[in-house]
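What follows is a short report on a single structure.
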Amino acid sequence: MTDATANGKPEMLTTADGKPLKAALIRAQARARRRAFLLVLPLLAFILITFVMPIGQMLHQSVYNPGFVMHEDIGSGKRTPIMTNLKVWFDENPAGTEPDEAAFAALHEDMLLLRELRAPGQVGTRVNYERGGSRSMFTKAARRAERMDPPYKEAFLDVDEEWADPELWRVMRDASSAYTFNFYLAALDRSKNADGEIVSVDENRQIYIKLFTRTLFLSVLITFLTFLLGYPIAHLLATLPLRYSNLLMIFVLLPFWTSLLVRTTSWMVLLQSQGVVNDALVGMGILGDDNRLQMMYNQIGTVVAMTHILLPFMVLPLYSVMRPINPSYVRAARSLGATSWTAFRRIYFPQTVPGIGAGALLVFILAVGYYITPALVGGADGQLISNLIAFHMQNSLNWSLAAALAALLLAGILILYWLYDRLIGIDNLKLG
Amino acid sequence: MASSQSSDAFVEFDRVQKSYDGETLVVKDLNLTLPKGEFLTMLGPSGSGKTTCLMMLAGFETATHGDIRLNGNSINNIPPHKRGIGMVFQNYALFPHMTIEENLSFPLEVRGIGKSDREAKVMRALNMVEMGSFGKRRPAQLSGGQQQRVALARALVFEPELVLMDEPLGALDKQLREKMQFEITNLAHELGITVVYVTHDQTEALTMSDRVAVFDDGIIQQLDTPDKLYEEPQNSFVAQFIGENNTLEGTIKEIKNGLALVQLDDGELIDCNPINVSKPGERTRVSIRPERVETNPARLTEGAHTLKAEVLEFIYMGDIFRTRLRVAGNDEFIVKTRNAPDQKRMTPGEHIEIGWLPRDCRALDA
């Protein structure tokens with residue numbers, strides 16, 4: 001370095017008046033950069049507030065549930081720690097300890113506070129998430145707490161024998177910390193037994209894994225069907241003269257401009273057992289009036305309606321990839337001796353792979369999270385995981401479990417995206 | 001040259017017509033035969049039907065009427081991949097998702113040729129166009145000229161007897177184009193292949209071909225060797241289309257002893273070589289090449305008709321001088337003179353006398 005300067009070669013380029021060139025460049029561009037940043041600022045703020053923050057909050061919610069440790073008064077917003085005595089007992093005794101009189105005394109103390117705060121329902125609900133039938137035990141015990149006398153163990157068992165259940169104590173111990181992974185376990189049809197070991201839940205209570213599998217299977221099926229239907233259409237669109245292809249494109253886009261609800265309900269009109277399709281089949285004598293096809297409120301309904309609704313998302317990327325493919329490639333292949341099938345397989349098809357990848361990824365991701373259509377036409381059989389997430393958000397109000405399910409879904413999609421990047425390369429993705 | 005019954009005909013178009021919409025003919029009654037080993041160029045403005053003819057020969061378009069024969073067999077109903085014709089496309093059409101080697105290997109693979117054979121043939125073809133070291137690259141990594149060579153090699157690798165080229169040099173710059181013209185002709189003659197070449201560039205057609213078919217309006221206007229095409233155009237379209245040309249309009253006064261006396265529209269009389277004019281009173285377009293105009297009175301033939309001209313512009317172009325004159329009311333009359341030591345340089349406004357040999361002055365259809 002010093003040699004270079006000694007030779008009269010400056011190691012850093014400078015402007016005519018001796019300032020470092022790099023600093024001058026940054027200064028010269030600073031104004032333009034500031035203006036550019038101001039232009040994207042609203043969008044950045046919008047995304048931050050409406051997208052990044054809710055997702056972060058959701059991920060937090062999936063591992064955090066304060067139902068057992070904190071009470072917040074709805075009117076005043078005053079926050080009171082609850083179940084503190086029991087927490088102390090849990091901290092002093094290792095997991096699996098038989099609850100002794102001291103434990104029940106602590107529980108009694110906490111119950112009195114709950115009664116005062118009118119919060120036994122909240123705590124019961126939290127425990128109920130992991131052990132069914134617990135909520136009423138808490139409300140009942142809190143009602144009787146004031147009239148209880150030592151020894152408290154007998155007093156509690158007097159209210160309900162179940163208070164001796166070691167699993168209940170395991171659940172309470174887990175819930176006494178606001179942070180827990182138990183909701184993820186629940187989302188994967190797992191739970192902890194009384195000893196704290198992770199075990200599968202009873203077979204008849206396993207629903208989430210089954211639903212994840214079904215969602216995955218149906219999404220793959222729908223993606224494949226949209227590909228099967230969309231590829232020829234996209235090819236036709238790409239090869240027709242512009243004035244015809246524009247008209248055809250309107251037909252492809254028409255579903256986009258119609259309300260999702262309208263499209264779904266029109267499938268209900270078509271598919272129901274007294275619907276257009278069945279009536280037509282019966283009318284033509286293909287079906288008897290008494291054995292009409294069940295095409296709705298099952299998986300068939302979900303698959304048919306979603307395939308139709310998601311079709312444009314496959315057609316558009318395919319079209320945008322196919323349009324610029326010069327027809328002379330196929331001609332060249334033909335002149336070189338390839339049959340039309342070989343020319344398609346070896347020359348045309350490989351060039352459309354980026355479009356297939358983009359379309360498939362788009363349709364698959366949309367299908368995995370689809371909600372309205374399966375809810376309306378899916379029945380019990382055609383429900384997807386998102387319907388269950390909605391159930392936990394709106395009906396069971398177990399937001400933590402809903403968040404855990406959603407987070408697993410998100411993780412699955414990210415893994416898929418990563419796989420796609422590894423296998424095909426994300427820069428090969430062509431959306432338009 | 002050869003008639004349609006000729007036995008040495010390798011490629012033969014027999015009364016071929018083509019219409020796309022059933023209302024207009026793009027190719028009208030095309031008759032053309034070419035012997036094995038010939039380099040034939042189809043030359044014409046865009047929309048003249050030359051590319052359509054090539055596509056019919058390749059099998060991508062079907063003839064509406066007539067027969068196309070290859071080696072004496074009608075190929076009208078043979079699909080393109082069974083014709084065994086090599087083709088070089090305008091945009092090269094190298095498969096972008098394959099390496100150069102894979103591109104060349106493709107026609108051999110679909111013919112079921114074994115791997116070792118394939119590799120040898122691919123290498124030989126690449127070396128032939130001096131691209132041997134580029135086999136592992138992809139088309140996008142090559143320059144236009146290199147892609148052109150690869151496209152040529154790919155069309156030749158399966159050893160077709162007939163190769164079609166659709167304006168293959170259109171996208172290259174002038175220098176590269178001239179180099180490739182030379183290489184393609186050499187290669188074609190070396191391998192003894194028959195080539196049908198389509199272009200709208202007349203220089204390319206003249207320098208490369210054994211024969212040139214000039215297309216216009218779906219008809220072959222003239223099919224001839226390059227020198228005949230230039231020096232003896234058979235009608236005014238060919239005269240206009242090939243090379244630079246001066247045109248004077250007039251009426252035939254009389255035709256005798258193989259010479260036509262033409263009265264130009266401003267009243268002056270000149271002697272012409274009658275090509276496709278037959279009787280006095282007919283309108284005619286007289287065509288004369290700029291380099292055949294004589295400006296030196298001393299060199300003019302005794303008794304030949306001369307015309308008065310006014311110099312409008314003099315351009316020094318190095319090897320030649322290009323002088324624009326006003327002759328018989330035509331302001332665009334060009335004279336090219338060689339930059340010789342004794343050559344006079346004219347100044348605008350100067351009045352001179354010009355003339356030419358009657359055989360260089362061709363009276364064509366109006």
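Just so it is clear, the structure is predicted and the values come from calculations on it, not from any experiment. Lettering follows sequence order; numbering is per chain, from 1.
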Need one label for [X]: side chain, backbone, both or neither, based on atoms under 4.5 Å from any heavy atom in chain A.
X	result
Phe158(B)	side chain
Asp166(B)	neither
Glu109(B)	side chain

Review point. If you measure from OG1 on Thr342(A) to CZ on Phe106(B), what distance do you get to the nearest 0.5 Å?
Key: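 Separation between the atoms: 6.5 Å.
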If you count heavy-atom pairs within less than 4.5 Å of chain A, which of [options] leads?
options	result
Lys82(B), Met98(B), His81(B)	His81(B)
Gly59(B), Ala93(B), Ala151(B)	Ala93(B)
Ala58(B), Ala155(B), Pro96(B)	Pro96(B)
Arg154(B), Arg83(B), Met55(B), Gln90(B)	Arg154(B)
Val110(B), Leu164(B), Ile85(B), Leu108(B)	Val110(B)

**Study point:** Option in Ala343(A), Ser340(A), Ser328(A) with maximal non-hydrogen atom pairs under 4.5 Å from chain B
**Key:**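 Option with the top pair count is Ser328(A).
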Exercise for review: Might you confirm whether atom OH of Tyr20(B) has over 12 heavy atoms from other residues, nucleotides or ligands at distances under 6.0 Å?
Suggested key: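 Yes - once you tally the heavy atoms of other residues, nucleotides and ligands closer than 6.0 Å, there are more than 12.
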Point to revise | Within 6.0 Å of CG in Asn77(B), more than 12 heavy atoms from elsewhere | key: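 No - once you tally the heavy atoms of other residues, nucleotides and ligands closer than 6.0 Å, there are 12 at most.
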Point to revise | 4.5 Å side-chain heavy-atom contact, Phe89(B) and Ser335(A) | key: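 Result yes, sub-4.5 Å side-chain heavy-atom pair found.
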Review point. Quick one: does Met87(B)'s side chain get under 4.5 Å of Arg331(A)'s, heavy atoms only?
Key: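 No; the side chains remain at least 4.5 Å from each other.
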Review point. Phe95(B) and Tyr329(A): which non-hydrogen atoms are nearest, and at how many Å?
Key: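 The pair with the smallest heavy-atom distance is CE2-O, 3.3 Å.
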**Study point:** Atom of Arg111(B), atom of Leu336(A) and distance for their closest heavy-atom approach
**Key:**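 Minimum heavy-atom separation between Arg111(B) and Leu336(A): NH1-O, 2.6 Å.
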Exercise for review: Give a yes or no answer on whether the side chain of His97(B) reaches the backbone of Arg346(A) with a donor-acceptor pair at less than 3.5 Å.
Suggested key: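 Yes; judged by distance alone, with no hydrogens or angles, the pair exists.
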